[in-house]
Amino acid sequence: MTRAFNFSPGPATLPEAVLQQAQDELLDYRGCGASVLEISHRGADFMALAQRAEADLRALLTVPDEYAVLFTSGGATTVQSLLPLNFAAPGQAADYVVSGHWGQTALRQAAPVIDARIAASSEDGGFRDLPERSEWRLSPEAAYVHLTANETIHGVEWRQLPEFGSAPVIADFSSSIASEPLDISRFGVVYAGAQKNLGPAGITVLIVRRDLLESAGQPRAPILDYRAQAKAGSMLNTPPTWNWYLLGLCLRWMRDEGGVAEFANRNARKAALLYAAIDGSGGYYRNEVAARARSRMNVPFFVHDPALDPVFVAEAKQAGLIGLKGHRVLGGMRASLYNALPESGVQALVDFMQEFQKRHG
Ligand code: PMP
C-alpha cells in the first residue's frame with residue numbers, strides 16, 4: 001500500500017498514525033467489547049473520550065477558563081447560520097469583514113436573520129489582498145464583527161490581526177486553527193470545521209466566551225441554542241461520536257508532535273518552500289495574492305498556460321501527489337498544507353513542479 005501526499009483542502013490528509021490507531025481499535029474500543037461506533041454517547045467510555053478531547057483542545061490552544069468549548073455537527077456553515085441567532089438581538093446589526101468566498105458565505109447565512117453589514121471587503125481586487133483596516137466601517141451598535149482568519153479558496157490569511165472596535169470578534173478559523181499559537185482572549189467566538197487542521201468532517205469546534213452565551217439572541221429552538229448546548233456538554237442530542245473520537249486522536253497526535261508552536265515552525269517552512277518555488281519559476285507558476293496576505297495553509301497557484309491544468313493534475317497524481325486541483329471559483333491549482341501534511345510532501349511537490357516545468361516549458 002502506498003499513501004500519496006494529499007493536498008486536499010478538506011476533507012484533508014490525516015496523520016497516518018491516527019488512521020492506524022483507529023483501525024487497530026475499530027472492532028474493540030479499549031476493551032469495551034464493542035466498536036467506539038457502537039457505544040452510547042452517555043456511557044462512561046464515551047464520556048471519558050469526550051472530556052479528554054476537550055481537555056486536549058484546551059491545552060493545545062491555551063483556551064482560557066472563561067471560554068466554553070462546544071463540539072457540534074453541521075459544519076462551519078451551520079455555525080455561520082446560528083451566529084446571528086445566538087449572538088445578535090432581533091433587528092440588531094452585525095459587521096462582516098469579507099476577505100474571500102467564506103466571508104461571503106458567512107454574510108449570506110446571517111442576512112436572513114439580522115442586519116448583516118459589509119464593514120469591509122476586498123472583492124473589488126478579486127480577494128487578492130486583505131481589506132485595509134483604515135477602510136473598515138464598523139457600526140457602533142453592531143452585536144459582533146465577523147471575519148475569516150484564513151480564506152481556504154482564495155488563499156488569503158490575516159497574518160497580523162488588526163485592532164478591532166469594541167464589539168466582540170467572531171472568527172472563522174476553519175482552515176488555520178491549531179496551525180500556530182493564537183491569543184483566544186482577543187475573540188468572542190472562534191469556530192472551525194474540523195476537516196482541515198483538526199480531524200475528520202462532521203464535527204465542528206466552537207470556543208465561545210461564556211458571557212456571550214448569555215446574549216439574548218433571537219427566539220430559537222433549544223437544539224440551536226449554544227447556551228443550552230454548552231450546559232449539556234454538547235450532548236443535547238446524539239453527537240457525531242465517530243468524528244469526535246477521531247478528532248480526539250488528532251488532538252493527541254498534535255500534542256505528541258510538539259503542539260502548535262512546533263506546527264507553526266513546520267507550517268512556516270512548508271509555505272516558504274512552496275511560495276519560493278512559485279516565485280522562482282520565472283512566471284511559469286504564479287500566485288496572485290499580495291505578499292502580506294499569503295496563506296500558509298492554502299496556496300492557490302496557476303500554471304502559465306491553463307491548457308496544462310489537467311496535465312499537471314494527472315501527472316502529479318502519477319507522481320503520488322493528489323488533491324491539487326483548484327477550486328472551481330478560481331481554477332488553476334491549490335495546495336493545502338495543513339498540520340498533517342509532512343514537509344517531505346511539500347518538497348516532493350516542489351520537485352515535481354520543477355520537473356514538470358522542464359518537460360512542458
Ligand atoms: N469556512 C471556511 C474558511 C471553510 O474553508 C469552509 C469549508 N471549506 C467553511 C467555512 C464551510 O465549512 P463546512 O463545509 O464545514 O460547512
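Computed from heavy atoms alone, side chains included, the values below leave out hydrogens, waters and symmetry copies. Every value quoted in this text rests on a predicted model; they were computed, and no experiment measured them.
- Taking 4.5 Å as the limit, every side-chain heavy atom of Tyr284 sits out of range of all side-chain heavy atoms of Met353.
- Note that the CD atom of Glu66 and the CD1 atom of Ile184 stand 11.0 Å from one another [nearest 0.5 Å].
- Residues Asn298 and Ser336 bring a donor and an acceptor atom of their side chains to less than 3.5 Å of each other.
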### Query
For Glu16 and Arg3, what are the C-alpha separation, side-chain angles and deciding distance, and is it a salt bridge (charged side-chain N to carboxylate O under 4.0 Å, His left out)?
CA-CA 9 Å; Glu16 199 169 311; Arg3 282 174 51 80; 3.5 Å; yes
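- The 12-atom threshold is exceeded at CZ of Arg359, counting heavy atoms of other residues, nucleotides or ligands nearer than 6.0 Å.
- Within the 4.5 Å cutoff, side-chain heavy atoms of Leu37 are placed close to those of Leu26.
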### Task
Take Ser175 and Asn150 through the side-chain hydrogen bond (donor to acceptor under 3.5 Å, both in side chains) test and state the conclusion after the steps.
CA-CA 6 Å; Ser175 46; Asn150 179 64; 2.9 Å; yes
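- Leu308 and Phe302 end up in different hydrophobic clusters when Ile, Leu, Val, Met, Phe, Trp and Tyr side chains are linked at under 4.5 Å.
- Going from atom CZ of Arg286 over to atom NE2 of His304 covers 10.0 Å, rounded to the nearest 0.5 Å.
- Pairing each heavy atom of Ala316 with each of Phe352, the nearest pair is N-CZ, 3.3 Å.
- Across all non-hydrogen atoms, the minimal contact from Thr204 to Ala192 is CG2-O, 3.3 Å.
- Centroid-to-centroid, the aromatic rings of Phe312 and Phe356 come within less than 6.0 Å.
- Side chains of Met333 and Val313 form a contact here, defined as non-hydrogen atoms less than 4.5 Å apart.
- In this structure, Tyr67 has its ring center at least 6.0 angstrom away from the ring center of Phe187.
- Across every non-hydrogen atom of Asn267 and Leu337, the tightest pair is OD1-O, 3.7 Å.
- Ile39 CD1: more than 12 foreign heavy atoms inside a 6.0 Å radius.
- One finds the OG1 atom of Thr78 at 11.0 Å from the OH atom of Tyr191 (value rounded to the nearest 0.5 Å).
- Atom CD of Gln318 sits in a sparse spot, with 12 or fewer heavy atoms from other residues, nucleotides or ligands closer than 6.0 Å.
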### Task
Carefully, step by step, assess Asp279 and Tyr285 under the rule side-chain hydrogen bond (donor to acceptor under 3.5 Å, both in side chains).
CA-CA 7 Å; Asp279 294 343; Tyr285 302 107; over 6 Å; no
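- Distance check: Ser73 OG to Asn237 CG gives 6.5 Å after rounding to the nearest 0.5 Å.
- Note on Leu212: it does not cluster hydrophobically with Val169, by side-chain heavy-atom contacts below 4.5 Å among ILVMFWY residues.
- Ile170 CD1 to Arg209 CZ: the interatomic distance, rounded to the nearest 0.5 Å, is 10.0 Å.
- Residue Asp65 places its CG atom among 12 or fewer non-hydrogen atoms of other residues, nucleotides or ligands, all under 6.0 Å distant.
- A donor atom on one side chain and an acceptor atom on the other are found under 3.5 Å apart for Glu151 and Thr148.
- One hydrophobic cluster, built from ILVMFWY side chains closer than 4.5 Å, cannot hold both Val329 and Leu130; they sit in different ones.
- Between Phe46 and Ser40, the shortest heavy-atom distance links the atoms CB-O, 3.4 Å.
- With a 6.0 Å radius and a threshold of 12 heavy atoms from other residues, nucleotides or ligands, Asp183 has its CG atom above the threshold.
- The closest side-chain heavy-atom distance from Arg58 to Val69 is below 4.5 Å.
- Looking at Glu54 and Gln51, their side chains never bring a donor and an acceptor atom within 3.5 Å of each other.
- Nearest heavy-atom pair, Pro200 versus Leu247, reported as atom, atom and distance to 0.1 Å: CD-N, 3.9 Å.
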### Task
List the steps, then state whether salt bridge (charged side-chain N to carboxylate O under 4.0 Å, His left out) holds for Asp115 with Arg117.
CA-CA 6 Å; Asp115 178 10; Arg117 299 179 180 168; 2.9 Å; yes
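- Between Leu147 and Asp172 the shortest side-chain heavy-atom distance does not fall below 4.5 Å.
- Looking at Val189 and Leu206, their side chains come closer than 4.5 Å, going by heavy atoms from C-beta outward.
- Contact annotation: the side chain of Met297 approaches that of Tyr338 to within less than 4.5 Å [non-hydrogen atoms, C-beta and beyond].
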### Task
Begin from the C-alpha positions of Ser179 and Arg296 and carry the test side-chain hydrogen bond (donor to acceptor under 3.5 Å, both in side chains) through to its verdict.
CA-CA 9 Å; Ser179 65; Arg296 297 159 309 128; 2.8 Å; yes
### Message
If you apply the rule side-chain hydrogen bond (donor to acceptor under 3.5 Å, both in side chains), what do you find for Asp225 with Gln229, and how did you get there?
### Response
CA-CA 6 Å; Asp225 186 336; Gln229 206 49 283; over 6 Å; no
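- The hydrophobic cluster containing Leu57 also contains Phe263, counting ILVMFWY residues as joined when their side-chain heavy atoms lie under 4.5 angstrom apart, directly or transitively.
- Heavy-atom neighbours of Arg328 CZ from other residues, nucleotides or ligands within 6.0 Å: at or below the threshold of 12.
- Aromatic ring centroids of Tyr96 and His146 lie under 6.0 Å apart.
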### Task
Starting from the C-alpha separation in whole Å, work towards a yes-or-no answer on salt bridge (charged side-chain N to carboxylate O under 4.0 Å, His left out) for Arg294 and Glu157.
CA-CA 6 Å; Arg294 281 176 157 186; Glu157 183 177 18; over 6 Å; no
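- Asn86 is listed as a side-chain neighbour of Arg220, based on a closest heavy-atom distance under 4.5 Å.
- Nearest heavy atom pair, residue Met47 against residue Arg42, reads CG-O, 3.8 Å.
- Taken to the nearest 0.5 Å, the CH2 atom of Trp158 stands 8.5 Å off from the CZ atom of Arg133.
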### Task
Apply the test salt bridge (charged side-chain N to carboxylate O under 4.0 Å, His left out) to residues Asp56 and Arg252: give CA-CA distance (whole Å), side-chain angles for both, the deciding distance (0.1 Å), then the verdict.
CA-CA 7 Å; Asp56 283 349; Arg252 274 283 149 116; 2.7 Å; yes
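- Side chains of Arg128 and Ser122: no donor on one and acceptor on the other come within 3.5 Å.
- In this structure, the ring of Tyr29 has its center no less than 6.0 angstrom from the ring center of Trp242.
- The hydrophobic clustering, which links ILVMFWY residues whose side-chain heavy atoms are closer than 4.5 Å, places Leu341 and Ile322 apart.
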